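Working notes, structure below.
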Amino acid sequence: MADLNELSEKLNAIKAEIKGELDRLENSKSVFEYKKAVFDSKTGKVGSLMREMGKIPNEMKAEYGKRVNEIKTWAQGLFDEMDERFKKEEMRIRYESEKLDVTMPPVRSRQGYLHPNTLVKNQIVDIFGSMGFEIFEGTEIETDYYNFTALNTPDDHPARDMQDTFYLSDKFLLRTQTSAGQIHVMEEKKPPIKIISPGKVFRSDDDATHSPMFSQMEGLVVDKGITLCDLKGMLDVFVQKIFGEDTRTRLRPSYFPFTEPSVEVDVSCFQCHGKGCKLCKGTGWIEVLGAGVVNRKVLEGCGIDSDVYSGFAFGIGIERIAMLKYGINNIKLLFESDLRVLDQIRE
Ligand code: PHE
């Protein structure tokens with residue numbers, strides 16, 4: 001460096017170059033990066049000036065150092081000021097974007113609801129639970145013995161044709177009725193017995209009101225002195241809780257091999273209250289379940305003395321109750337999980 005004029009020129013050129021670059025900087029990050037480059041002790045326009053001290057004649061060193069410090073302070077001040085300005089603006093933008101309007105309506109999250117089959121099942125469990133019934137859960141795969149033979153339906157019995165059965169082998173099948181559970185309970189437990197047993201059952205049957213898989217709720221009471229009247233009294237309470245206070249029951253003679261006598265239970269139409277409508281097909285009555293007094297043969301087969309004990313049993317079709325209660329005309333709608341249907345059913 002020959003003289004101070006030359007030094008001044010050089011520093012002025014550096015200043016001019018830095019000033020010229022400033023327009024290019026558009027945020028605090030680019031200020032930071034440019035500053036880092038300018039102050040780099042090896043390659044930076046300002047940062048490397050001190051390295052040249054060695055080449056400066058001794059008498060100029062003091063002045064050189066002073067001027068280099070000046071330009072450093074100048075550049076530092078310039079960058080600080082820009083940094084502050086950008087940061088302020090950046091903060092403003094960030095606050096703006098994070099602003100929360102507490103008066104906005106909330107984003108609704110869709111909530112799940114219980115399926116109508118589950119609703120009905122839970123209601124039935126609650127009703128019988130409050131009457132002191134215990135729950136027995138059977139298995140979906142059963143033996144021919146529990147599903148038929150022990151229920152007084154031996155191999156050649158015509159009643160086997162009432163239920164088209166899915167056989168898995170000679171011995172095993174998919175249970176066609178939760179009644180199979182009656183036998184397990186009576187084998188395991190001595191009277192008094194008071195159970196309900198919900199579960200899936202399977203039959204080769206398929207139309208608007210029948211599905212190859214559906215759900216039943218079995219009921220079984222065995223004790224001393226149980227009669228058909230007890231069954232009727234208990235069913236009256238049940239239907240009033242499910243369909244409404246003024247619902248009445250009517251028993252019609254029927255046939256099941258494992259009950260004697262057997263009945264088909266109708267309820268007074270809860271839609272027209274007996275006047276006759278589409279739901280009850282003009283009769284004022286709707287069939288809801290099968291029931292009866294437990295056949296002595298079945299009790300004896302399970303080692304229960306039928307001279308001392310008697311009982312009643314009933315089987316409720318859960319989908320059938322759900323269809324009646326919620327006005328569903330095709331059982332398939334209960335298995336298709338179509339939200340347009342399910343969304344209409346809430347309890
Ligand atoms: N298991 C019979 C059916 O599925 C219903 C029933 C149960 C009838 C208990 C009488 C007693 O059709």
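If you're wondering where the values come from, they're calculated on a predicted model, not measured in any experiment. Counting starts at 1 for both ligands and their atoms, in listed order.
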Heavy-atom closest contact ([X] atom, [Y] atom, distance):
| X | Y | answer |
| --- | --- | --- |
| Tyr64 | Glu52 | OH-CB, 3.8 Å |
| Glu245 | Gln240 | O-CG, 3.2 Å |
| Phe128 | Ile316 | CE1-CD1, 4.2 Å |
| Phe238 | Met131 | N-CE, 4.3 Å |

Which of the atoms in ligand 1, numbered in the order shown and given with their element, are less than 4.0 Å from a heavy-atom of [X]?
| X | value |
| --- | --- |
| Ala313 | 9 (C), 11 (C) |
| Phe314 | 7 (C), 9 (C), 11 (C) |
| Gly290 | 6 (C), 8 (C), 10 (C) |

Below 3.5 angstrom, do we get any N/O pair linking [X] and ligand 1?
| X | result |
| --- | --- |
| Arg203 | yes |
| Thr176 | no |
| Gln182 | no |
| Ser179 | yes |

Measure from atom 12 (O) of ligand 1 to every heavy atom in Phe258, Tyr255, Phe214, Phe256 and give the option owning the shortest one.
-> Phe256
Hey, which of Asn122, Ile124, Thr118 is the one that makes side chain to side chain contact (heavy atoms under 4.5 Å, CB included) with Val120?
-> Ile124
Residue Phe32 excluded, over 12 heavy atoms near CZ under 6.0 Å |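 No, not enclosed.
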Might you confirm whether atom CZ of Arg248 has over 12 heavy atoms from other residues, nucleotides or ligands at distances under 6.0 Å?
->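 Check fails, neighbour count at 12 or below.
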Looking only at protein heavy atoms, identify the closest one to atom 7 (C) of ligand 1 and say how far it is in Å.
->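 Heavy-atom neighbour on the protein nearest atom 7 (C) of ligand 1: Gly315 N, 3.3 Å.
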Among all protein non-hydrogen atoms, which one is nearest to atom 2 (C) of ligand 1, and what is the separation to 0.1 Å?
->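 Of every protein heavy atom, Gln177 OE1, 3.7 Å lies nearest to atom 2 (C) of ligand 1.
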Where on Ala291 is there a heavy atom closer than 4.0 Å to ligand 1, on the side chain, on the backbone, on both, or on neither?
->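 Near ligand 1, Ala291 shows its backbone, while the atoms from C-beta on stay back.
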State, with a plain yes or no, whether a side-chain heavy atom of Thr176 is found less than 4.5 Å away from one of Phe148.
-> yes
